[in-house]
Each structure stands twice: as structure tokens, then as C-alpha cells.
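One structure is given below, encoded as C-alpha cells.
Both ligands and their constituent atoms are indexed starting at 1 by order of listing.
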Amino acid sequence: MSYPYQIKSFEQYQTAYQKSIEQPEEFWEDIAQHFTWQKKWDKVLDWEFNTPKVEWFKGGKLNITENCLDRWVATQPETPAIIWESNNPHEASRNITYKALHQKVCAFAQVLKNNGAKKGDRICIYMPMVPELTIAVLACARIGAVHSVIFAGFSAQSISDRVQDAQCNIVITADGAYRGNKTIPLKSVMDEALVNCPSVEKVIVLTRTQMAVSMLNGRDCWWDEEMKLVEEKNDYSDKAEVMDAEDMLFILYTSGSTGKPKGVVHTCAGYMVWTNYTFVNVFQYEPGQIHFCTADIGWVTGHSYIIYGPLSAGATSLMFEGIPTYPDAGRFWEVVEKHHVNILYTAPTAIRSLMGFGKSPIEGKNLSSLKILGTVGEPINEEAWHWYDENIGKENCPIVDTWWQTETGGILISNLAGVTPSKPTFATLPIPGVQPLLVDESGNELLGNAVSGNLCIKFPWPGMLRTTYGDHERCRQTYFSTYQNLYFTGDGCLRDEDGYYRITGRVDDVLNVSGHRLGTAELENAINMHSGVIESAIVGYPHDIKGQGIYAYVVFGEIHTDEEHTKQNILKTVSKIIGAIAKPDKIQFVSGLPKTRSGKIMRRILRKVAEGETENLGDTSTLLDPSIVAEIIKGRL
Ligand code: WTA
């Protein structure tokens, strides 16, 4: 088996790119024909950004799981689809072949049906990183239900918002999750969330930690018992639901600059083609290789490069339940050695945190199986890039710096490993089909090279979002209204003298903390929920490991106990409202915020102070109370 559309040289890349721009429909049609369809499409592309309307392969009928499972069961049933490594290094790893995965997915699809699930239903998944999570995701896709995976670190409140927004009728969860030396009580967090979610009729609970959980009669049932019912009686079929190319595949919630997280919607065919095409080309995957993406399936990287990209390519995907520093900072390298990992795809924040432990965790580990390294989620700094290259890749593995977003479905700008040139800290060149464009503040296109501006995309690619769940207008406003006829990414970007792209970070009010997106408005809302808080403002500041840290300026009523205690209480509230990932790194109490006479917070000043810049704060004369700035500088943490 090989991939006819795998690009093998720089010249081939240039030819493919050119064709993808000049004849996009022919280009994608050629690629799409290599998948399993129940009926071919009527029209390759129909689009209009101002609405927005984007439709790929309209009229085509397929099921993505037939592409991820059945076609490999037919040709390579014994190839491992998933290799699973536990959080606990002493627990046996699991090896699940395509045949076994197919069987489990079909059986669990029947469990879902037995519990009332049908095509179009929204199903919430809140699970640890165990193979059953992948099985649950694929079983939803198998029956045409829309999965909404929620990262297992989110709080009850966050779950509840998401479940209500999507009106989910079924939840799949587990008793608990292991994460490093912690045990997280998933089911009890879910129980708290579901108090406010009347749409949920069934909760299916996997046993992972064997911690005590409450099981509500009539609503809650055990994964194992339900599976036994269908497996023992052999009471399930392997027939997949017939889906339209543009039927919804999943919703994934992500933060933006305003309001609550929105449900980014991806559809079946375009997303499948995109994750597969980018997986095969960016990582230059070769059959038999072991691909280890360290992300959690709760984020888009896990959806696209643990599940759909690799499995649709018949690859072996390694799923790791744990964290890079447990039981020690050598764990990733131990996993690489143990499973002979060929491709390692991780986040700059993980690299920076491991750098801090020095070289001893790497010593004695055999990393010679590694062929290709990748990074995703945030800009990588030069130092981390070189450390990764020298210590992990032994200067022998191309590094792909892959830029993309939840909304883009898969990678948009990246070098192709060993095929197109890499350049430290640069995502480099667009994937075929991607037409990036830089604009200035007023939306004028910046032509030529050696320019910086806001990154937009001017033509649809198959993997792009189609809408935000339940609110199409929000999708239009967020992504398609800032600049006419363009998709706006929210990122700033430099195109250098060679035409290579380097993403410089968000230009909107979104922070990127350890590769996780958090909106400042969302964070402020959470802090403001804390009793005693009058007002708050959040800004990001450079953080050695996390990339960006969260700096909170808080106006508090009367502090009854000491400040430290109050800070701890605020952190607790933020954990409750969003989750531990959203806890501010620094909280500074202030008597007021710098505001203009019209009441607008001057974030520019707050950002500069948080970054350590206490002079050159720019014009402060329009402030209502300029003296507040001196106080803020004085109290800086
Ligand atoms: C940032 C993660 C620089 C960017 C796949 C984007 C990056 C946001 C890179 C999306 C990269 C992602 N270099 N920045 N290689 N990859 N980003 O939705 O700001 O969680 O807009 O998707 O992460 O984050 P999201």
C-alpha cells in the first residue's frame, strides 16, 4: 500500500500547489477518489465566504468509519490501529488491530443504538485517554451521531454549558481518569454538570479507576455490561450509516475573543480528506510506521492526528494516557523506545518543560527509531526548536512546525517532512489548497515578501469549519466579517524574504497558554463570578514554559482575610467555572483599572506592565484617572 497523492519532492510540491490553486476542483477530485464512497459526489465545491457557505463533495455518500476501519480490515486486518500506553508505566500496554477496533466500534455503535441514539443526535464524550475513547468517537460516527468531545480537565460548569448548547441526549464518560499521580473523578464532575442538562437521557460509564461513583437508576449504565449484552449475543451489525458528505461529523468547542466557547462544526467528507491528506504529506507517513501524537483527544489535534488522519490512512496510532513528566521527565523517551516510535508530534510547551530537566532523562534511551518530529499549538522559540532537533532528533529528523486551528480541521501551513525545507520557528509554506494572505489593519492585502500582518485565507479548503453550532451568524461574524471575502484566522504572521510564513501569535483577545486557547473575556467572566470581585482584566505575558501566562488585575471589594488566601479562593472559583487550565499565574489586586473616559479598559497598558515594561506606556492622557497607572506599576508582580 502506498499513497498516490503523497508528495515526494519539492518540485512535486510546487506542481501540486500550483494545480491546487489553478484547478482546485480537479485537484481535490483526484485525491477524493482514493477513498471509499457509497456514492460519488455531484459537485466538488460550492462556496461563498460572506454567508458563509462552504460545501465540498456535495451529494457524495460515505461513512468516515468505513474509511478508517473497513477498508483496512479488508487489506491489513492484523495491523495495529492503536497502540495504547497507560499512565502507569507498569500497566501492560494494549495493541488493538484494525480488525479488533472495527469489531469494538461496531459493537459499541449497537450499544449507542440500544440506548436510543440515532443519526443526527449529539453525544457528549468526557473520557480519559484510553482506547475506549477512540471507540466511542468512531461509534458515534458509525451511526451518524455527532460527537462533542470535552477535554477531561474541564469543570462541571464548562461541561454543562457545552452539553446544553448542543442539546446532547447521551453522555459517554468514565468513573475516573488517571493523570500523572492524580486521579480525576470524571463521573462525579459529570453528575454535577448534568444537574442543569435535562436533555441528557442516558449516561454510559466506562470503568477505569474503579473509584466509587453514583449511578442513577434509569439514566446511568455501565459500558462493560452494555457491551457484554451485544457481544455475547453477537447482536450487532457492521453496517455503517450512510452519510451525506456535508452531514455533521462533530462539534468541538473552542474559545474566542468574546462570549462563551463556540461549537466549531466539521462535516464528514471534507474533514476526512483534509486530515488524511495532511497526515500523509506533512508527516510523510509510510505504512508500518508508529505515529505518536501526544495531544489529548479532547483537543482538535487529537481528533485529527490521533484518530481520523492516521486511521483513515491505515496507520498505527499511539495513544498515551499520561503526561510527559510522570513518573519522571523521561517518560516520553521511554515510550518512544518501548514502542519504536517513528513520528513524534508534540507541543512546544512540552518541549520547553522537558528542556528544564536537562539531558539526564534522555540519557540511555534509545531514540533511534525516530524519523520525523513535529510541533503544534503555539509558536516554537528558537531555543526549544534546536533542543528538540539536537537532543531528540539527533540532528537527523526533519521537524515539521505545523500551524493550524480547531476551525481549520487540519494543518494549513507546514513544511513537509524532509521534502520541503524547514526553517526554525517558521511554519514555512502552505499545504496545497491553502491560499494564505496577509492584510493590514484596514484589510489591504500586503503584497510581496518581508511583510507582517494579519493572516487570512482567501479560498476554501476541504477541512474548514462549516458553522458554529446553533449560531451561524456567530460564525460569519467571528471569521468572515473582519475582512471582506476572507477567512480571518486571528493570528499575526510574518512572510519573510523567502516567502516563508512565521506565525507570531494571536492578534485578538485570545491567549494561548501551554497550547490551550483561552479567551480573556471568558477568563474575566470566571473571575468576576467570585464573590467580592468588582471587576477584572486579563492579559497574557511571556512565560518560559507555557508560552503565555495569565496575568489578572482584580478590583476587589473588601479583603477580609489576607490577600494570599483571597487569591487562592479566586483560583478555586476559576477552576470551578472553567477548569484548572484556566487558573491565572498572577493575580494583582488594584484599586481600579485604567479606563478611557468612555469606560473602555486600556489593555495595551496592562499588557505592557505585565510584560515588565513600565516606561513607554504610550499616551495615557485619555485615561479617566491616570494615577491608576502608577499604582499598577508599583504593585506589579
Ligand atoms: C496557535 C491547535 C504558531 C495559533 C491546532 C492558532 C500556532 C491557535 C501553531 C489554534 C504553530 C497553532 N505556530 N502558532 N505551529 N499552531 N498555533 O484551535 O495562534 O487549539 O490560532 O488549534 O494556536 O489553536 P487550536
Side-chain angles (χ1 to χ4, degrees), residues 149-151 153-154 250-257 261-266 271 274-275 278-279 282-283 293-306 308-309 345-352 373-382 384-385 388 399-415 422-431 434 436 452 454-457 463-465 468 478-479 482 487-494 500-520 522 540 546-548 581-582:
V149 182
I150 301 177
F151 172 62
F154 276 118
F250 69 85
I251 307 173
L252 187 56
Y253 285 84
T254 192
S255 298
S257 50
K262 50 194 170 294
V264 167
V265 170
H266 286 286
Y271 175 81
W274 192 252
T275 52
T278 51
F279 173 73
V282 171
F283 300 104
C293 166
T294 71
D296 191 289
I297 289 171
W299 310 109
V300 75
T301 306
H303 281 60
S304 300
Y305 299 107
I306 295 178
Y308 289 111
Y345 188 31
T346 194
T349 190
I351 298 168
R352 286 191 299 261
L373 305 176
T375 72
V376 57
E378 44 175 328
I380 183 163
N381 48 313
E382 193 112 20
W385 195 98
Y388 199 30
I399 299 179
V400 288
D401 178 349
T402 66
W403 172 81
W404 59 296
Q405 311 178 297
T406 303
E407 295 84 347
T408 70
I411 298 163
L412 292 202
I413 304 182
S414 172
N415 47 319
S422 71
K423 187 166 185 170
T425 78
F426 281 74
T428 72
L429 299 173
I431 302 294
V434 177
S452 288
N454 290 346
L455 178 62
C456 296
I457 317 284
M464 74 186 296
L465 88 161
T468 46
T478 312
Y479 307 105
T482 316
Y487 166 80
F488 177 44
T489 64
D491 279 320
C493 181
L494 157 82
Y500 287 12
Y501 291 87
R502 177 193 185 164
I503 313 302
T504 47
R506 303 288 304 195
V507 293
D508 53 5
D509 288 322
V510 172
L511 305 186
N512 191 328
V513 181
S514 300
H516 301 146
R517 269 165 73 165
L518 293 162
T520 53
E522 186 190 355
K546 298 178 174 186
Q548 265 188 314
I581 53 167

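In summary, the atoms of ligand 1 found under 4.0 Å from a heavy atom of Ile503, numbered by their order in the structure, are 3 (C), 14 (N). Close approach to Asn512 involves these atoms of ligand 1, each under 4.0 Å from a residue heavy atom: 1 (C), 23 (O). In the vicinity of Thr406, heavy-atom distances shorter than 4.0 Å reach the ligand 1 atoms 18 (O), 20 (O), 22 (O), 25 (P). Below 4.0 Å from some heavy atom of Val376 lie the following atoms of ligand 1, by number and element: 5 (C). Every atom of ligand 1 is numbered from 1 in the order shown, and the set under 4.0 Å from a heavy atom of Thr301 is 5 (C). Listed by number with element, the atoms of ligand 1 under 4.0 angstrom from any heavy atom of Asp401 are 11 (C), 13 (N), 15 (N).
Atom NZ of Lys546 is separated from atom CD of Glu378 by 11.5 Å, given to the nearest 0.5 angstrom.
If you check the side chains of Ser414 and Thr402, you find no donor sitting under 3.5 Å from an acceptor. With hydrogens and angles left out, the side-chain atoms of Tyr271 and Ser304 include a donor and acceptor closer than 3.5 Å. Residues Tyr253 and Thr406 have side chains that never bring a donor and an acceptor to within less than 3.5 angstrom of each other.
Ligand 1 is approached by Trp404 to a heavy-atom distance shorter than 4.0 Å. Heavy-atom distances between Ala427 and ligand 1 stay at or above 4.0 Å for every pair.
For Thr402, a nitrogen or oxygen atom sits less than 3.5 Å from a nitrogen or oxygen atom of ligand 1, counting backbone and side chain alike. Taking distance alone, with nitrogen or oxygen atoms compared against 3.5 Å, Glu407 stays at or beyond that limit from ligand 1. Geometrically, ligand 1 and Arg506 share a nitrogen or oxygen pair separated by less than 3.5 Å. Considering backbone and side-chain atoms together, Thr254 places no N or O closer than 3.5 Å to any N or O of ligand 1.
Ring planes of Phe151 and Phe154: perpendicular class, angle over 60° (limits at 30 and 60°). Between His303 and Phe250, the ring planes lie tilted relative to each other; the angle falls in the 30° to 60° range.
In this structure, the protein non-hydrogen atom closest to atom 1 (C) of ligand 1 is Gly377 O, 3.2 Å. Summary of contacts: the protein heavy atom closest to atom 13 (N) of ligand 1 is Glu378 O, 3.3 Å. When hydrogens are left out, the protein atom nearest atom 6 (C) of ligand 1 is Asp491 OD2, 3.1 Å; that is the closest non-hydrogen contact. Nearest protein heavy-atom neighbour of atom 20 (O) of ligand 1: Arg517 CD, 3.7 Å.
Under the 4.0 Å criterion applied to side-chain N and carboxylate O atoms, Arg517 and Glu407 are assigned as salt-bridge partners.
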For this session: Any chance you could lay out the salt bridge (charged side-chain N to carboxylate O under 4.0 Å, His left out) test for Arg352 and Glu382, step after step, and finish with the verdict?
Result: CA-CA 11 Å; Arg352 286 191 299 261; Glu382 193 112 20; over 6 Å; no
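Closest heavy-atom contact between Thr375 and Ile351: CG2-CD1, 3.8 Å.
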